[in-house]
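Notes follow the structure.
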There are 2 protein chains.
Amino acid sequence: MITDKKERVIEAAALSFSQFGFKATTMASVAKIAKVAKGTIYTFFDSKESLFSTILERTMRQLRQAADTAIQEEAAFHENIQAMLDAILGFRENHQLLIKMGQEAKELGTAEVLEILTQVERQILDYIKSVIMKEKAKGIVTKHDPELLAFLVYKTYIALISDWERQHEPLPKETISEIIRAQIH
Amino acid sequence: MITDKKERVIEAAALSFSQFGFKATTMASVAKIAKVAKGTIYTFFDSKESLFSTILERTMRQLRQAADTAIQEEAAFHENIQAMLDAILGFRENHQLLIKMGQEAKELGTAEVLEILTQVERQILDYIKSVIMKEKAKGIVTKHDPELLAFLVYKTYIALISDWERQHEPLPKETISEIIRAQIH
DNA sequence: AAATTGACCAAAATTCTTTTTTGGTCATTC
DNA sequence: GAATGACCAAAAAAGAATTTTGGTCAATTT
């Protein structure tokens with residue numbers, strides 16, 4: 001069956017990319033893990049990049065889903081924002097692929113990965129923005145426009161979670177909530 | 001006169017560091033610009049690093065001074081914070097040295113420069129913190145502790161000034177003010 | 001005839017070798 | 001005693017040689 005092989009290639013590639021990164025993953029090894037000849041991969045994907053971005057899209061879809069299920073129609077605005085951010089970050093925390101990409105971008109500065117990561121960031125920002133706009137449609141008034149608000153929330157969250165902890169004790173969840181809540185007013 | 005030569009060395013080094021960066025500045029060229037023999041430099045400074053950090057300390061002193069003069073005893077809390085941030089950023093904007101260091105850290109990843117830049121950031125944070133604490137002594141109540149507040153203000157400001165502008169139109173000053181003001185409550 | 005393979009190739013990356021540059025010293029000069 | 005610049009070891013850069021890698025395609029299998 002044709003789909004079976006394609007699945008195996010995707011599975012193998014996902015494993016390798018998240019274990020060794022983009023650069024260190026070779027098409028030969030993916031083929032070997034997938035028990036497929038190298039040429040076969042090229043009947044499904046026309047380059048290493050396209051294979052990579054297929055896997056990344058899959059990951060992004062999972063991420064969006066995790067965020068979606070975290071949001072409750074009835075909950076308050078800031079509760080939803082918070083839940084969504086937790087979902088996104090929780091997902092990131094135990095998803096090898098995105099972690100590896102972050103490392104590789106920093107250490108190796110791989111061009112492809114760097115570009116992909118800004119796309120991931122863009123998607124997260126768009127997602128936050130869409131949540132804000134949905135809330136706005138419900139009648140909530142926000143001080144700034146959704147694009148700016150999404151940007152602020154995202155940057156603040158990242159700063160509090162990752163930058164702050166590089167030099168300080170982790171902040172309690174309530175403090176983070178409070179700060180984000182103050183942002184969205 | 002001994003001081004004359006030392007001055008010339010510092011001047012030449014400052015010029016070269018801010019024009020070409022740390023790595024691309026050679027002791028030989030500094031000597032040449034300063035019209036001094038290479039050995040002479042080593043009677044004043046015992047390494048390239050120490051020469052570099054002397055110059056950087058000078059720059060930091062200037063930066064602190066710029067911020068200090070921006071602050072008015074009588075002005076309101078958020079006015080002072082704003083004035084200080086403007087001073088810091090305005091200073092940075094037209095100070096070649098710090099700009100070059102930022103570039104070099106990103107592009108070359110020079111270890112010495114990377115370390116120095118975290119020190120610069122630490123100093124800016126400490127400065128903001130001290131301003132906050134001075135205001136606090138005047139009786140102003142802040143929601144979070146000064147360290148966290150300084151961190152938040154700094155990160156937000158950087159995000160709004162530099163990250164935001166990579167993808168959007170620059171924000172009007174009033175918007176930035178408003179956001180910062182909301183932070184410090 | 002459609003799918004699959006793996007030997008094959010050019011280009012890129014890596015390693016090894018040679019050459020040049022650089023930070024730092026110190027005997028000599030001023 | 002301050003200043004110099006030829007000198008050196010170490011590091012960096014450049015170049016040459018070698019290996020690895022992404023991608024192709026004629027041959028084979030299904």
Side-chain angles (χ1 to χ4, degrees), chain A residues 1-56 100-101 103-105 107-116, chain B residues 1-17 19-56 100-101 104-105 107-116:
Chain A
M1 198 208 281
I2 183 170
T3 325
D4 179 37
K5 280 190 178 169
K6 189 173 179 182
E7 260 331 299
R8 278 199 339 253
V9 168
I10 290 180
E11 219 35 70
L15 191 75
S16 185
F17 281 136
S18 49
Q19 207 165 105
F20 308 113
F22 178 81
K23 227 176 192 170
T25 292
T26 71
M27 295 304 262
S29 86
V30 170
K32 200 174 176 185
I33 296 171
K35 280 173 190 162
V36 156
K38 197 158 52 130
T40 307
I41 300 179
Y42 288 89
T43 63
F44 304 128
F45 306 96
D46 43 67
S47 69
K48 188 183 178 184
E49 267 88 7
S50 90
L51 171 58
F52 179 60
S53 75
T54 297
I55 286 171
L56 210 103
K100 251 290 160 207
M101 293 306 102
Q103 279 177 14
E104 196 172 343
E107 285 160 30
L108 284 295
T110 320
E112 293 95 336
V113 172
L114 220 70
E115 198 193 329
I116 286 290
Chain B
M1 198 207 282
I2 182 172
T3 324
D4 181 36
K5 281 189 178 168
K6 189 173 179 180
E7 259 334 296
R8 285 213 314 269
V9 169
I10 290 179
E11 219 36 69
L15 191 74
S16 184
F17 280 135
Q19 206 164 102
F20 309 112
F22 178 81
K23 227 175 191 170
T25 292
T26 71
M27 295 304 262
S29 85
V30 171
K32 199 172 177 185
I33 297 170
K35 281 174 190 159
V36 156
K38 196 159 52 129
T40 308
I41 300 178
Y42 286 89
T43 63
F44 303 128
F45 305 95
D46 43 66
S47 69
K48 187 182 179 184
E49 266 89 6
S50 90
L51 171 60
F52 178 60
S53 73
T54 296
I55 287 170
L56 209 103
K100 252 290 159 205
M101 295 304 103
E104 197 174 341
E107 283 162 30
L108 283 295
T110 320
E112 293 94 336
V113 172
L114 220 70
E115 198 192 331
I116 286 291

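For clarity, every value in this text was computed on a predicted model and none was experimentally measured.
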Is the phosphate of D:dA2, meaning OP1 or OP2, less than 4.0 Å from a side-chain N or O of B:Lys5? no
Per nearest nucleotide of DNA chain D, the residue lying toward the 5' end, B:Ala37 or A:Thr40, is B:Ala37
At under 4.0 Å between heavy atoms, what does A:Thr25 touch on the DNA or RNA strands: base, sugar-phosphate, or nothing? sugar-phosphate
How long is the line joining NZ of A:Lys6 and P of C:dT4, in whole Å? 12 Å
Is there, by distance only and without an angle test, a donor paired with an acceptor across the side chain of B:Lys38 and the base of C:dG23 below 3.5 Å? yes
Between D:dT24 atom C1' and A:Asp46 atom CG, what is the distance in whole Å? 13 Å
Name the residue from A:Val36, A:Thr40, A:Val30 that meets the side chain to side chain contact (heavy atoms under 4.5 Å, CB included) definition with A:Arg8. A:Val36
Cation-pi, B:Phe22 ring and B:Lys100 (6.0 angstrom, 45 degrees): no
Separation of A:Phe22 atom CZ from C:dA13 atom P, in whole Å? 11 Å
Spacing between B:Phe44 atom CZ and C:dG24 atom P, to the nearest angstrom: 16 Å
Calculate, to the nearest 0.5 Å, the distance between atoms CG and CG belonging to A:Asp46 and A:Leu51 respectively. 10.5 Å
Rounding to a whole Å, what distance do you find between B:Met27:CE and D:dA10:P? 19 Å
Quick one: label B:Ser47 by what it contacts on the DNA or RNA (base, sugar-phosphate, nothing), any heavy atom closer than 4.0 Å. sugar-phosphate
Rounded distance (Å) that lies between atom P of C:dG23 and atom CZ of B:Phe52: 13 Å
Side-chain N or O of A:Lys48 less than 4.0 angstrom from OP1 or OP2 on D:dG23? no
Ring of A:Phe45, cation from A:Lys6 - is the NZ or CZ under 6.0 Å from the centre and inside 45° of the axis? yes
For a 4.5 angstrom cut-off between non-hydrogen side-chain atoms, does A:Phe17 reach A:Glu104? no
Can a side chain N or O of A:Thr26 be found less than 4.0 Å away from OP1 or OP2 on D:dT21? no
Atom pair distance, as rounded to whole Å: NZ in A:Lys35 and P in C:dT5: 13 Å
May I have the distance from B:Phe20 (atom CZ) to C:dT22 (atom C1'), rounded to whole angstrom? 16 Å
